[in-house]
Amino acid sequence: MIRLTLKLSRSGAGLDFLGRAKEINLTIPAFLTIFNQKSNGTIKFWCSAAELLYGAAVLAFLTWIFFWLNLDIATTIPGYMIVVVLLSLRGRVVPAVVLSIIAALCLTYFFTPPIFSFQIDTPEDIVTVVVFATASLLIAGLVKRARRLGEAAALKDRLQVIIDTIPAAVWSNSPDGSADFLNKPFRDYTGLSLQEARGLAWMNPLHPEDRATDAWRAALAAGEPFEKEARLRRAHGEYRRFLLRFVPLRDAQGKVIEWYATSTDIEDLKRAEEELRRREARLRDAQIELAHANRVTATGQLAASIAHEVAQPIAAALTNANAARRWLGADPPELEEVGQALSRIIRDGNRASDIIGRIRALVRKAPPRNDQLDINETMREVIALTRSELRRNRTALQTRLADDLPLILGDRIQLQQVVLNLILNAVEAMDESGEASRELLIRTEQDGSDGALVAIQDSGPGLKPESLDRLFDAFYSTKPGGMGMGLSICRSIIEAHGGRMWATPNLPHGAVFQFTLPQSRKSVE
């Protein structure tokens with residue numbers, strides 16, 4: 001705020017502007033307000049003074065003419081009255097009243113015997129002057145009132161034009177909900193006249209399902225502003241959706257005396273929202289299909305490792321089965337050894353079954369689920385699938401899984417797909433780099449107080465600075481033959497779970513892919 005400071009001090013008989021001072025602080029807005037008020041008052045004063053001087057000059061001229069013609073008081077009064085009325089038409093009462101008083105004094109001084117005196121001898125002259133003065137004052141007041149009524153009528157007409165021009169249906173209701181005014185757009189849209197729509201008949205164009213009077217009465221009885229979506233029938237029968245807004249007008253005691261309502265056509269917006277939801281549904285279906293294809297592709301990359309993982313327990317089971325058969329053929333049979341062999345066969349069979357079950361779960365096509373998940377357990381299942389692949393590529397794996405992580409609400413298969421993609425990308429990057437040391441670190445930790453963080457860290461060639469901004473874009477790939485969909489799908493999955501995903505360089509070489517997942521609300525409750 002700008003301040004003007006005027007320092008004034010008294011030094012001797014004059015003003016000392018350099019000595020001690022009393023400060024008068026005036027803010028610019030306050031100064032301008034006072035200035036405008038004084039300016040308006042001054043302008044009005046001088047306008048009234050000018051009108052009064054003009055009227056007095058005309059009155060003096062008429063007085064000279066009437067006196068020169070030796071007219072009597074009965075002839076003079078109409079002339080004076082015309083001057084007073086003309087001045088009253090200017091709209092200012094004070095000059096007209098003052099001029100009426102001056103005219104009455106002129107009648108007394110120049111035309112009422114004895115002339116050149118304010119003395120009045122007869123009662124008739126007294127009545128004449130009083131009647132003139134009273135009539136002048138009444139005429140001035142009536143002209144002022146007529147002008148105000150005319151201005152009010154013009155303002156009302158202008159407001160009516162504005163309300164009827166507003167591109168929205170506007171109406172007012174009494175406290176019980178009956179309509180007493182509807183603007184032209186409302187009448188044109190519904191085809192109802194003002195008389196036809198009075199009372200509760202304004203609700204007739206509403207769709208029968210949106211016309212439940214109990215709901216309307218409850219909203220009106222609450223006495224608070226409210227909104228309601230409703231379908232409104234056009235004059236030719238089509239229904240369109242509108243957002244109706246109601247605001248109460250209260251008296252000094254806070255009682256609702258009127259409701260004012262507006263409507264906004266939201267049919268096009270609703271149709272756009274429905275179309276957007278349909279497109280989002282189709283997009284989700286396409287994403288599910290694409291994610292499924294991506295999982296199948298990733299599993300295909302693990303085909304050799306999966307075959308090796310499954311072959312190991314099957315070979316062990318066959319070995320134990322042959323041993324059990326030999327022990328059964330011994331004389332006497334070695335039943336204890338047979339029992340141990342059968343236990344190992346069952347163990348190896350379960351191991352093979354678990355591997356196949358994980359693969360089937362990963363590649364199966366199923367709608368997303370929201371389950372409470374232990375992120376560490378989800379990670380361990382993926383690591384179990386990729387151990388053979390890591391060994392085949394001579395990759396050293398380290399895990400640092402934090403304890404007491406919060407439960408995550410999400411789809412196990414989708415999250416495993418993200419981790420699997422990141423692990424395979426890391427293994428492929430380190431294999432292409434030809435580095436002698438191939439190290440992969442998988443770690444989890446708590447993200448703040450209400451989430452979990454997962455990081456996949458490799459010792460590959462790293463990330464180029466120009467690729468960081470586009471790394472998760474669809475159809476962008478740093479691999480020569482890559483399609484650029486894997487990381488894009490991973491980010492979509494993480495964001496759909498309410499988390500975020502990003503990549504950073506792993507100094508001195510390599511890359512770190514990280515994502516966060518929020519805590520399940522159910523676990524908090």
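Values below: every heavy atom of this structure, side chains too, minus hydrogens, waters and symmetry copies. Every value quoted in this text rests on a predicted model; they were computed, and no experiment measured them.
- At distances below 3.5 Å, not a single donor-acceptor pair connects side-chain atoms of Asn506 with backbone N or O atoms of Val512.
- Separating the CG atom in Leu401 from the OG1 atom in Thr444 is a distance of 4.5 Å, to the nearest 0.5 Å.
- Arg500 is listed as a side-chain neighbour of Trp502, based on a closest heavy-atom distance under 4.5 Å.
- No side-chain heavy atom of Glu196 sits under 4.5 Å from any side-chain heavy atom of Thr190.
- The pair Glu258-Arg250 does not count as a salt bridge, with every side-chain nitrogen at least 4.0 angstrom from each carboxylate oxygen.
- Defined by atom type and a distance below 3.5 Å, a donor-acceptor pair is missing between the side-chain atoms of Thr395 and Asn393.
- Nearest heavy atoms, Ile257 versus Pro175: O-CD, 3.6 Å.
- By the 4.0 Å N-to-carboxylate-O rule, Arg443 lies close enough to Glu445 to be salt-bridged with it.
- No donor-acceptor pair under 3.5 Å is formed between the side chain of His497 and the backbone N or O of Gln414.
- With rounding to the nearest 0.5 Å, the separation of CG in Asn425 from SG in Cys490 is 7.5 Å.
- Proximity of Arg187 to Leu192: side-chain heavy atoms (C-beta onward) are nowhere separated by under 4.5 Å.
- Closest of all the heavy-atom pairs between Ile375 and Ala452 is CG2-CB, 4.4 Å.
- When the side chain to side chain donor-acceptor pair (under 3.5 Å) test is applied to Glu229, the partners found at least two apart in sequence or on another chain are Lys270.
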Check step by step if salt bridge (charged side-chain N to carboxylate O under 4.0 Å, His left out) holds for Arg211 and Glu209.
-> CA-CA 6 Å; Arg211 205 187 302 163; Glu209 296 177 1; over 6 Å; no
Asp251/Lys255 under salt bridge (charged side-chain N to carboxylate O under 4.0 Å, His left out): CA gap, chis, key distance, verdict = CA-CA 6 Å; Asp251 58 14; Lys255 183 181 179 181; over 6 Å; no
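- Between the side chain of Glu495 and the main chain of Ser492, no donor-acceptor pair closer than 3.5 Å is present.
- The stretch residues 395-409 participates, sequence neighbours left out, in no salt bridge (charged side-chain N to carboxylate O under 4.0 Å, His left out) pair at all.
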Going through the checks in order, is the side-chain contact (heavy atoms from CB on, under 4.5 Å) test met by Leu517 and Leu415?
-> CA-CA 10 Å; Leu517 294 169; Leu415 295 178; 4.0 Å; yes
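- Counting heavy-atom neighbours within 6.0 Å of Lys184 NZ, excluding the residue itself, gives a total of 12 or less.
- A donor-acceptor contact shorter than 3.5 Å links the side chain of Thr378 to the backbone of Asp374.
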List the steps and the verdict of side-chain contact (heavy atoms from CB on, under 4.5 Å) for Leu440 and Gln457.
-> CA-CA 6 Å; Leu440 181 65; Gln457 177 177 318; over 6 Å; no
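- The two residues Ser178 and Ser174 have their closest heavy-atom pair at OG-OG, 2.5 Å.
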Stepwise side-chain contact (heavy atoms from CB on, under 4.5 Å) check, Met501 with Val418 = CA-CA 10 Å; Met501 188 175 190; Val418 172; 4.3 Å; yes
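- A donor-acceptor pair is defined here as one N or O able to donate and one able to accept, closer than 3.5 Å; no such pair exists between the side chain of Asn183 and the backbone of Ala169.
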Distance-only donor-acceptor pairs under 3.5 Å for side chains of residues 240-249, two or more places apart:
unit_1 : atom_1 : unit_2 : atom_2 : d
Arg240 : NE     : Asp265 : OD2    : 2.8
Arg240 : NH2    : Asp265 : OD2    : 3.4
Arg240 : NH2    : Asp268 : OD1    : 3.3
Arg241 : NE     : Glu267 : OE1    : 3.1
Arg241 : NH1    : Glu274 : OE2    : 2.8
Arg241 : NH2    : Glu267 : OE2    : 3.1
Arg245 : NE     : Glu227 : OE2    : 3.1
Arg245 : NH1    : Thr264 : OG1    : 3.4

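- For Glu439, the side chain to side chain contact (heavy atoms under 4.5 Å, CB included) partners at least two apart in sequence or on another chain are Ser437, Ser459.
- Judged as a ring pair (Phe, Tyr, Trp, His ring centres under 6.0 Å), and not counting sequence neighbours, Phe513 has no contacts.
- Leu397 CG to Arg438 CZ: the interatomic distance, rounded to the nearest 0.5 Å, is 14.5 Å.
- With a 4.5 Å cut-off on side-chain heavy atoms, Asp176 and Leu220 do not count as touching.
- A 4.5 Å side-chain heavy-atom check between Glu381 and Gln416 finds at least one atom pair inside the cut-off.
- Contact annotation: the side chain of Gln519 never approaches that of Leu409 to less than 4.5 Å [non-hydrogen atoms, C-beta and beyond].
- Partners of Asp371 by side chain to side chain donor-acceptor pair (under 3.5 Å), not counting sequence neighbours, listed by chain and number: Arg369.
- Minimum interatomic distance between Trp171 and Thr262 (heavy atoms only, all atoms of both residues): CZ3-C, 4.1 Å.
- One finds the CG atom of Asp210 at 4.5 Å from the CZ atom of Arg231 (value rounded to the nearest 0.5 Å).
- Considering CG of Asp188 and CZ of Arg234, their distance stands at 10.5 Å, rounded to 0.5 Å.
- Heavy-atom neighbours of Arg325 CZ from other residues, nucleotides or ligands within 6.0 Å: at or below the threshold of 12.
- Glu238 and Tyr189 make their closest contact through O-OH, 4.3 Å (heavy atoms, listed as atom of the first residue, atom of the second, distance).
- Counting heavy atoms from C-beta on, the side chains of Leu232 and Tyr239 never come closer than 4.5 Å.
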Verdict with supporting geometry, Leu206 and Trp216, side-chain contact (heavy atoms from CB on, under 4.5 Å) = CA-CA 12 Å; Leu206 293 176; Trp216 285 98; 3.8 Å; yes
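- Although no hydrogens or angles enter the test, the distance criterion places a donor-acceptor pair under 3.5 Å between the side chain of Asn173 and the main chain of Gly177.
- When all heavy atoms of Val419 and Ile456 are compared, the pair lying nearest together is CG1-CD1, 4.5 Å.
- Between Ile442 and Ile423 there is a side-chain heavy-atom pair separated by less than 4.5 Å.
- In this structure, CZ on Phe515 lies 8.0 Å from CG on Leu453, to the nearest 0.5 angstrom.
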